[in-house]
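See structure below.
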Number of protein chains: 2
Amino acid sequence: MAPDRLDATFAALADPTRRAILARLASGQAGVMELAKPFAMSQPAVSKHLKVLEHAGLISRGRDAQRRPCRLEPLPLADASGWLDHYREVWERNFRRLDLLLEEMKAQDTKTKARRTKRPPTKR
Amino acid sequence: MAPDRLDATFAALADPTRRAILARLASGQAGVMELAKPFAMSQPAVSKHLKVLEHAGLISRGRDAQRRPCRLEPLPLADASGWLDHYREVWERNFRRLDLLLEEMKAQDTKTKARRTKRPPTKR
DNA sequence: CACGTGTGTAACCTCAAAGTTGTATAACCA
DNA sequence: TGGTTATACAACTTTGAGGTTACACACGTG
């Protein structure tokens, strides 16, 4: 799973227009005009979004006369999902191990020690 | 789950430096200097990345003397993961229903019909 | 108090993303 | 053939992301 691939996938997903396009494509393939209709934006703009999605491997395109229908390509979604799940799992394992608490205790200890060695010239 | 929130989350995850920071934080909280060490980049640059992550709600920050330790905040990860899983599921359901195949058959039929009505003046 | 350390902020540069309009290409339709 | 439809491409503008350096501020230490 190349990092560049994840870069492209997450960057593609960061735009609400592109997520909406993917959502639409989840219910079947569609042409550019059909995809562009719901958006207050020109057709070239949508074509650019499609190019981004295609470059990220999230969609692929076919031919039907002068139309270039788009279809969803779920593998990059699976990769991204895998990355997220991996780190969520790691985090939860660490949370269960109470590493966080231990680190906070250590920090607290350091602070206390520091305060202790600093006390002498203060009020009293 | 507001769309802006997903925007911020995915945008934050689109940068390899930030993903690496999150990976590091998965094994416990850390200060800015500690996080900056592995990267060929200045401390302010790392601070900017941390600001992005914090704004996306992916990390939160505490106080330990002059240090501002960062800790992973997994909820946005769960949201993003949920979005991905949802659309993967929808896509797979559609795939099982063979919608794709049906649409391709329909397209094929249209093309055939068109070719049929166009034939007359051609060879034969 | 003076100093070093850890961080945040400001001003700046560069580049690419996201949109626009206008035009070209390609396939169907009359 | 000429016209319409679906799409791509090119050139341009604006905005923001990601990096830099220089500097300010807060806090613990000698």
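Because only heavy atoms are used, hydrogens play no part in the values below, and waters and symmetry mates are left out as well, while side chains stay in. The chains referred to below are lettered A, B, ... by the order of the sequence lines, with proteins before strands, and numbering in each begins at 1.
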Can you give me the closest heavy-atom contact between [X] and [Y], atom names plus distance?
{"X": "Val46(A)", "Y": "Ala36(A)", "value": "CG2-CB, 3.6 Å"}
{"X": "Arg63(A)", "Y": "Ala65(A)", "value": "NH1-O, 3.3 Å"}
{"X": "Ala14(A)", "Y": "Ala11(B)", "value": "CB-N, 3.5 Å"}
{"X": "Leu53(A)", "Y": "Ala12(A)", "value": "CD2-CB, 4.1 Å"}
{"X": "Ala30(B)", "Y": "Arg24(B)", "value": "CB-NH2, 3.5 Å"}
{"X": "Thr17(B)", "Y": "Phe39(B)", "value": "O-CZ, 3.9 Å"}

Ala45(B) side chain, from C-beta outward: closest of dT20(C), dA8(D), dG19(D):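 Comparing dT20(C), dA8(D), dG19(D) against the side chain of Ala45(B), the answer is dG19(D).
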
Go through dA27(C), dA22(D), dT20(C) for me and flag the one nearest to the Pro44(B) side chain.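 Among the listed nucleotides, the one closest to the side chain of Pro44(B) is dA22(D).
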
Any N or O donor-acceptor pair under 3.5 Å from the base of dG8(C) to the side chain of Gln43(B)? yes

Nucleotide [N], atom [atom2] - distance to [atom1] of [X] in whole Å:
{"X": "Asp64(A)", "N": "dA6(D)", "atom1": "CG", "atom2": "P", "value": "11 Å"}
{"X": "Gln29(B)", "N": "dT7(C)", "atom1": "CD", "atom2": "C1'", "value": "16 Å"}
{"X": "Met41(B)", "N": "dG18(D)", "atom1": "CE", "atom2": "P", "value": "10 Å"}
{"X": "Arg67(A)", "N": "dC29(C)", "atom1": "CZ", "atom2": "P", "value": "13 Å"}
{"X": "Met33(A)", "N": "dT4(D)", "atom1": "CE", "atom2": "P", "value": "15 Å"}
{"X": "Arg68(B)", "N": "dT5(C)", "atom1": "CZ", "atom2": "C1'", "value": "15 Å"}
{"X": "Glu34(A)", "N": "dT7(D)", "atom1": "CD", "atom2": "C1'", "value": "14 Å"}
{"X": "Arg63(A)", "N": "dA27(C)", "atom1": "CZ", "atom2": "C1'", "value": "8 Å"}

Can you sort out which residues in residues 9-24 of chain B have a heavy atom within less than 4.0 Å of DNA chain D? Ascending by number, please. Asp15(B), Arg18(B)

For residues 47-56 of chain A, which residues have at least one heavy atom under 4.0 Å from DNA chain D? Ser47(A), Lys51(A)

Counting only side-chain nitrogens and oxygens, does Arg61(A) get under 4.0 Å of the OP1 or OP2 atom of dA6(D)? no

Is the distance from OP1 or OP2 of dT20(D) to the nearest side-chain N or O of Ser42(B) less than 4.0 Å?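 Answer is yes, contact under 4.0 Å.
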
Do any N or O atoms from the side chain of Arg18(A) and from the backbone of Leu13(A) form a donor-acceptor pair under 3.5 angstrom?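 Here the side-chain-to-backbone pair does not exist.
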
Of Glu54(B), Gln29(B), Glu73(B), which is the lone residue that meets side-chain hydrogen bond (donor to acceptor under 3.5 Å, both in side chains) with Ser60(B)? Glu73(B)

With a 6.0 Å cut-off on ring centres, are Trp91(B) and Tyr87(B) close enough? no

Where each residue is assigned the nucleotide of DNA chain C containing its nearest heavy atom, which of Pro69(B) and Gln66(A) is assigned the position nearer the 5′ end? Pro69(B)

